Amino acid sequence: QVQLVESGGGLVQAGGSLRLSCAAFGNNLKINTMGWFRQAPGKEERDMVATITGVPLNGHTNYADSVRGRFTISRDNDRNTIDLQMDSLKPEDTGLYYCATKIPFSIRYDYWGQGTQVTVSS
């Protein structure tokens, strides 16, 4: 069983920065791919924001086009934490941010956190 706990959300003005953190609890998490997803206001789907692979795949990162160059995902495999540094925030970045994890090469993310709210004012 895996548990994910997000923190770091809040209210920030456009152009500002926030850092989200996800604490992961479980076994062998260093091999898993970790990701941050966003659910925008009024939408049901959760869109990929950034992902980072585990040790077997060398920590490869991937970003949504809308955040590339502004957001940075990182992980600490010793502490089992995954961070998302968000800079130059825009109002369209507003949403509920979820941390999620999946085993390597799996299509589906099997475990999700409860989410942390990020609100960017204009």
Side-chain angles (χ1 to χ4, degrees):
Q1 190 70 16
V2 176
Q3 184 181 10
L4 303 173
V5 180
E6 303 99 334
S7 61
L11 173 64
V12 64
Q13 287 189 331
S17 298
L18 279 176
R19 188 176 184 89
L20 305 184
S21 186
C22 173
F25 303 91
N27 294 324
N28 297 321
L29 292 177
K30 65 178 63 178
I31 70 170
N32 281 22
T33 294
M34 308 297 299
W36 284 96
F37 294 76
R38 175 174 64 216
Q39 184 177 10
K43 297 181 68 176
E44 291 189 3
E45 63 273 19
R46 301 175 184 179
D47 296 322
M48 187 276 289
V49 174
T51 64
I52 184 167
T53 61
V55 168
L57 297 176
N58 299 317
H60 175 75
T61 58
N62 188 38
Y63 296 92
D65 290 341
S66 61
V67 308
R68 188 174 290 112
R70 300 188 296 121
F71 290 12
T72 303
I73 188 171
S74 60
R75 66 190 295 168
D76 184 327
N77 289 324
D78 291 329
R79 296 172 56 230
N80 274 347
T81 57
I82 306 90
D83 290 349
L84 184 68
Q85 177 66 40
M86 305 186 294
D87 298 319
S88 302
L89 282 160
K90 304 176 181 180
E92 51 264 43
D93 294 322
T94 293
L96 193 56
Y97 282 71
Y98 293 91
C99 176
T101 185
K102 67 182 181 77
I103 61 174
F105 306 112
S106 173
I107 295 175
R108 189 181 68 181
Y109 281 79
D110 294 308
Y111 297 98
W112 295 79
Q114 293 299 307
T116 185
Q117 179 67 37
V118 171
T119 303
V120 184
S121 62
S122 57

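Keep in mind it's a predicted model, so treat the numbers as computed, not measured.
You'll find the side chain of Asn62 reaches within 4.5 Å of the side chain of Met48, heavy atoms only. Put simply, the side chain of Gln85 does not reach to within 4.5 Å of the side chain of Asp83, judged on heavy atoms. Residues Gln117 and Thr94 are in side-chain contact: their nearest non-hydrogen atoms beyond the backbone lie under 4.5 Å apart. Side-chain contact between Glu6 and Leu20 is absent, with no heavy atoms from C-beta onward closer than 4.5 Å. A 4.5 Å side-chain heavy-atom check between Leu96 and Tyr98 finds at least one atom pair inside the cut-off. Under the 4.5 Å side-chain criterion, counting only non-hydrogen atoms from C-beta, Met86 is not in contact with Val67. Here the side chains of Cys99 and Trp36 are in contact, with some heavy-atom distance below 4.5 Å.
For Thr53 (side chain) and Gly59 (main-chain N/O), a donor-acceptor pair under 3.5 Å exists by modelled atom type. A donor-acceptor pair is defined here as one N or O able to donate and one able to accept, closer than 3.5 Å; no such pair exists between the side chain of Gln39 and the backbone of Arg46. Remark: side-chain polar atoms of Gln3 are not paired, donor with acceptor, to backbone N or O of Phe25 under 3.5 angstrom. Between the side chain of Thr101 and the backbone N or O of Thr33, at least one donor-acceptor pair lies under 3.5 Å.
Within a 6.0 Å radius of NZ in Lys102, other residues, nucleotides and ligands contribute more than 12 heavy atoms. Annotation for Glu45: atom CD counts as buried by contact number, over 12 foreign heavy atoms lying within 6.0 Å. Annotation for Glu92: atom CD counts as buried by contact number, over 12 foreign heavy atoms lying within 6.0 Å.
Residue pairs meeting the salt bridge (charged side-chain N to carboxylate O under 4.0 Å, His left out) criterion with at least one member in residues 60-76, sequence neighbours excluded: Asp65-Arg68, Arg70-Asp93, Asp76-Arg79.
Here CZ of Arg19 is found 10.5 Å from OG of Ser7. Values are rounded to the nearest 0.5 Å.
Below 30°, between 30° and 60°, or above 60°: for Tyr97 and Phe71 the angle between ring planes is between 30° and 60°, a tilted geometry.
Partners of Ser17 according to the side chain to side chain donor-acceptor pair (under 3.5 Å) rule, which considers only residues two or more places apart in sequence or in another chain, are Asp87.
Here the closest heavy-atom approach between residue Ala24 and residue Leu29 is recorded as CB-CD1, 3.5 Å.
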